[in-house]
Amino acid sequence: MRTNHSKQASGFARNRVAAGATAVFLGMAVALGSGLVTPAAAADSSVSAVILGVGANEAQRIVTWYSSVDTAQQIQVAPTASLVNGEFPANAVTFAATGAANIATSGGYNRHATITGLRENTAYTYRVGSEGAWSSAYQFKTQDFEGDYDFLFYGDPQIGASGNLAKDQAGWEDTLAVSTAANPNAELLVSGGDQVETANTESQWNAFLASDKLRQYPWAATIGNHDVGGKAYEQHLYTPNTDRSTSYYADNSGATTSGGDYWYIYKDTLFIDLNSNSYDSNKGGGDAAHVAYVTDVINKHGGDAKWTVLVYHHSIYSAASHAKDGDNKVRRVDFPTTFSKLGVDLVLQGHDHVYTRSYLIKNGQKADPAEQPGQSEVFAGPGGVLYVTANSASGSKYYDITKPDSSGTSGAGNGPDPLKPENYWYNSVQNQEHVRSYIKVEVRNDKLVVADVRSGTCAAPNAAVELGSSCSNGSDKGVGTVVDKVTVHPYHGDNQDIQVNVPTLAPGEFGWTIDGKNGLVDLGTATADEAYNLAANGKINPIKVSDSRRTLSPWSISANVGDFTDAGKSIAGSALGWTPYLVSNGAGANPGPAVANAVDNGKGLAESSVLGSAAQGHVRGSATLGASLSFKVPDSVDKGNYRTTLTITALSS
């Protein structure tokens, strides 16, 4: 007995097995075409700077790249399992790219395209360009589209900041390698801004993009003050749902700068990314515009997510060189009350090249005066928001922690923490070792776990230290050790939230088997009737159909026969007719119509005829299909032992 299944996909399955002239024998196998026609080829040199970006949701990715030629281009993508020896299948999907000429200092052209319709738990291979001019092929994988996940947050690579491009690149590549090796199933790489030191210097962008990790994991870009001074940021990093109006640029026109606020939802998390370079209302933007944007996005989409995470470059609760900057003091007044009222859970920031973790902040003040410095578990309460600043991920530049002043212990003030006077009032943890690090965020069903993890030591690659900066990292603080870790429990209001986890169910299967022994169906010896015809009767081996698919898609089982043959003699397949029936009910099955043989003025089974079927929306389950066979020919046919094959076809959508 052989079994075949079709999982929630349109298609067909057929099999031919020998049968007898007065016999029918049933079986089945799958027919699938591979159609591999596209040979693997060397990467085309006209394509460069490929980066995988985040899409509007977990089923999308945006890919951006440069081209030295102004031609129509696209992404080609296919499940990795469908490639053979690096060759893309003929049915690989393509997505058309758009773009424009780069600014003169960049040269060439930029392109981007969005991959849509990705399936969960699938490895994909993609390349960009055009026929005959493809880039190298790269891979990424999707995971479950629901449930727990991890993402990684990186502060200020700022490639070129040390003055030694190669050292900066080495540190950045090492952090990406270390962090993804330790967290291979991380689903997003989130930027804290300042990808490069000088906005339009392409050698710095090339160094930033050197690691293939940026083609394997989606990069959620954030614009920093060193990125905003030209168009290269937008040319390299296209983002979803982006509002690029002048309110979100750093000047009125936006003609020579990059900017925009954007949002996306990833696995029950609403991410909102702001261009914090635009904070001055006299220069076309201002915090009021960002506050309005965040309010609008959360009002429209907050109900679609369990968590809200904000990302922007300028840290309003840091501890180093920028802690007392005037613009950050302005934001420290403008942002926190709105974020608390809107139920923001976590704010991720960069800019100050130091690690800080705030106390829970509500309306610009410490939410719980009793929260202790370095407390490892916190409970948000109504309006409590955690603010985290990331240290340098590349080692290109670190800023040392500065001292609090007497300007106050709430709002815009930079006064000391009464519980730990060397810290600013708003910071639970401050750390600067002059060691590269990254932040891991574990998103769980009822908590966020945020950890700052060392990705290097005082040793190379660590550009700032190699070029003369001191380093306080001890021998017990190696790569992968944790600087700080906190678990954040969300606020559930005055009532009780009730949660139930619905697991990912298998899609179900549709298939059929021979019910019982798959023996020869012998119709015996034909006998003459009163009309001088030779007739024989019998029954097919019953066929059991099972359908457990959640789509409740329609299905049908059909069959046909070829000519009956015996050596050089033959009888047309139309000599065999049948009357289908249900041996057992289930799966919404209905028997097909009776088909008369040719002698009885029918077309017989020479043409495909339905044995049984079910309509869209049928119940799940099993049914057993049977059919009575009627063979009839004129008595003028030659004597012989004739045999044919009944071919079964299973169809579903």
Side-chain angles (χ1 to χ4, degrees), residues 47-68 70-77 94-103 106-118 124 126-130 135 138 140 154 157 188-196 199-200 202 204-206 208-209 213-224 227-245 248-250 254-266 271-275 277-278 293 297 311-313:
V47 178
S48 63
V50 179
I51 183 169
L52 182 69
V54 70
N57 54 52
E58 59 275 355
Q60 295 185 8
R61 301 288 187 273
I62 296 175
V63 183
T64 311
W65 67 95
Y66 273 11
S67 173
S68 61
D70 189 14
T71 58
Q73 298 190 12
Q74 59 192 353
I75 299 173
Q76 186 178 53
V77 62
T94 59
F95 298 90
T98 59
N102 287 332
I103 56 175
S106 297
Y109 306 86
N110 63 83
R111 297 287 185 265
H112 67 269
T114 303
I115 302 171
T116 61
L118 296 172
Y124 287 95
Y126 71 99
R127 58 186 180 180
V128 303
S130 58
S135 70
Y138 306 102
F140 67 89
Y154 301 89
L188 299 174
L189 308 183
V190 180
S191 164
D194 277 1
Q195 277 75 197
V196 296
N200 291 332
E202 288 299 335
Q204 294 176 6
W205 280 103
N206 291 338
F208 168 76
L209 293 167
K213 301 302 180 185
L214 295 177
R215 285 164 280 286
Q216 299 165 358
Y217 294 85
W219 182 253
T222 300
I223 190 165
D227 303 315
V228 79
K231 282 297 179 188
Y233 173 88
E234 289 182 358
Q235 293 169 181
H236 281 293
L237 302 170
Y238 196 85
T239 53
N241 299 326
T242 304
D243 189 329
R244 296 182 175 86
S245 59
Y248 311 118
Y249 271 76
T256 58
T257 64
S258 295
D261 290 0
Y262 74 96
W263 65 273
Y264 58 98
I265 292 179
Y266 192 91
F271 287 89
I272 304 175
D273 195 287
L274 306 178
N275 174 17
N277 298 284
S278 178
Y293 181 85
V297 171
V311 186
Y312 53 80
H313 182 61

For Leu118 and Thr116, what are the C-alpha separation, side-chain angles and deciding distance, and is it a side chain to side chain contact (heavy atoms under 4.5 Å, CB included)?
CA-CA 6 Å; Leu118 296 172; Thr116 61; over 6 Å; no

Given side chain to side chain contact (heavy atoms under 4.5 Å, CB included), test Val190 with Val311 step by step and report yes or no.
CA-CA 9 Å; Val190 180; Val311 186; 4.1 Å; yes

Please lay out, stage by stage, how Tyr126 and Phe140 fare under the test side chain to side chain contact (heavy atoms under 4.5 Å, CB included).
CA-CA 8 Å; Tyr126 71 99; Phe140 67 89; 3.7 Å; yes

Does the ring pair (Phe, Tyr, Trp, His ring centres under 6.0 Å) test come out yes or no for Tyr266 and Phe271, once each step is laid out?
CA-CA 8 Å; Tyr266 192 91; Phe271 287 89; 7.4 Å; no

Tell me, with the steps shown, if Val47 and Val128 meet side chain to side chain contact (heavy atoms under 4.5 Å, CB included).
CA-CA 8 Å; Val47 178; Val128 303; 3.6 Å; yes

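Side-chain atoms of Thr222 never come within 3.5 Å of backbone atoms of Gly193 as a donor-acceptor pair (strictly under, hydrogens ignored). A donor-acceptor contact shorter than 3.5 Å links the side chain of Lys231 to the backbone of Thr257. Checked by atom type and distance alone, the side chain of Gln235 never pairs as donor or acceptor with a backbone atom of Ser106 at under 3.5 Å. A donor-acceptor contact shorter than 3.5 Å is absent between the side chain of Thr242 and the backbone of Tyr262. Not a single donor-acceptor pair under 3.5 Å links the side chain of Ser245 to the backbone N or O of Asp243. Side-chain atoms of Asn57 never come within 3.5 Å of backbone atoms of Ile265 as a donor-acceptor pair (strictly under, hydrogens ignored). Side chain of Ser258 to backbone of Gly230: a donor-acceptor contact under 3.5 angstrom is found.
Side-chain N/O atoms of Ser130 and Gln74 include no donor and acceptor closer than 3.5 Å. At a cut-off of 3.5 Å, with distance as the only test, a side-chain donor of Asn102 or Asn110 sits close to an acceptor on the other residue. Between the side chains of Thr94 and Gln76, no donor N or O sits under 3.5 Å from an acceptor N or O.
Geometrically, Arg127 does not engage Phe95 in a cation-pi contact, judged by NZ or CZ lying under 6.0 Å from the ring centre and within 45° of the ring axis.
Nearest approach of Ile62 to Thr239, heavy atoms of both residues: CD1-C, 4.0 Å. Across all non-hydrogen atoms, the minimal contact from Asp261 to Asn275 is OD1-N, 2.9 Å. Contact record, Val54 with Pro240: O-CD, 3.7 Å, taken as the closest heavy-atom pair. When every heavy atom of Gln60 is checked against every heavy atom of Ala56, the shortest pair comes out as OE1-N, 3.2 Å. Here the closest non-hydrogen pair linking Tyr312 and Leu274 is CB-O, 3.6 Å. The minimum heavy-atom distance between Asp227 and Ala199, with the atom names listed, is O-CB, 3.7 Å.
Taking the ring pair (Phe, Tyr, Trp, His ring centres under 6.0 Å) definition, one finds that Trp65 meets it with nothing, sequence neighbours left out. Here Asp70 pairs with Arg111 under the side chain to side chain donor-acceptor pair (under 3.5 Å) rule; sequence neighbours left out. With sequence neighbours left out, the ring pair (Phe, Tyr, Trp, His ring centres under 6.0 Å) criterion links His236 to Tyr66, Trp205.
The CD atom of Glu58 sits 9.5 Å away from atom CG of Leu188, with the distance rounded to the nearest 0.5 Å. Rounding to the nearest 0.5 Å gives a distance of 10.0 Å between NE2 of His313 and CD1 of Ile223. Note that OH of Tyr264 is 7.0 Å distant from CG of Asp273, once rounded to the nearest 0.5 Å. Put simply, CD1 on Ile51 and CD on Gln195 are 7.5 Å apart, with the number rounded to the nearest 0.5 Å. Annotation: the span from Gln204 atom CD to Leu209 atom CG amounts to 12.0 Å, rounded to 0.5 Å. The structure places OG1 of Thr71 at 9.5 Å from OH of Tyr109, a figure rounded to the nearest 0.5 Å.
A 4.5 Å side-chain heavy-atom check between Thr114 and Arg61 finds every atom pair outside the cut-off. The shortest distance between side-chain heavy atoms of Tyr249 and Ser278 does not fall below 4.5 Å. Leu214 has its side chain out of reach of Leu52: every pair of non-hydrogen atoms, C-beta onward, lies at least 4.5 Å apart. Arg244 has its side chain within reach of Glu234: a pair of non-hydrogen atoms, C-beta onward, lies under 4.5 Å apart.
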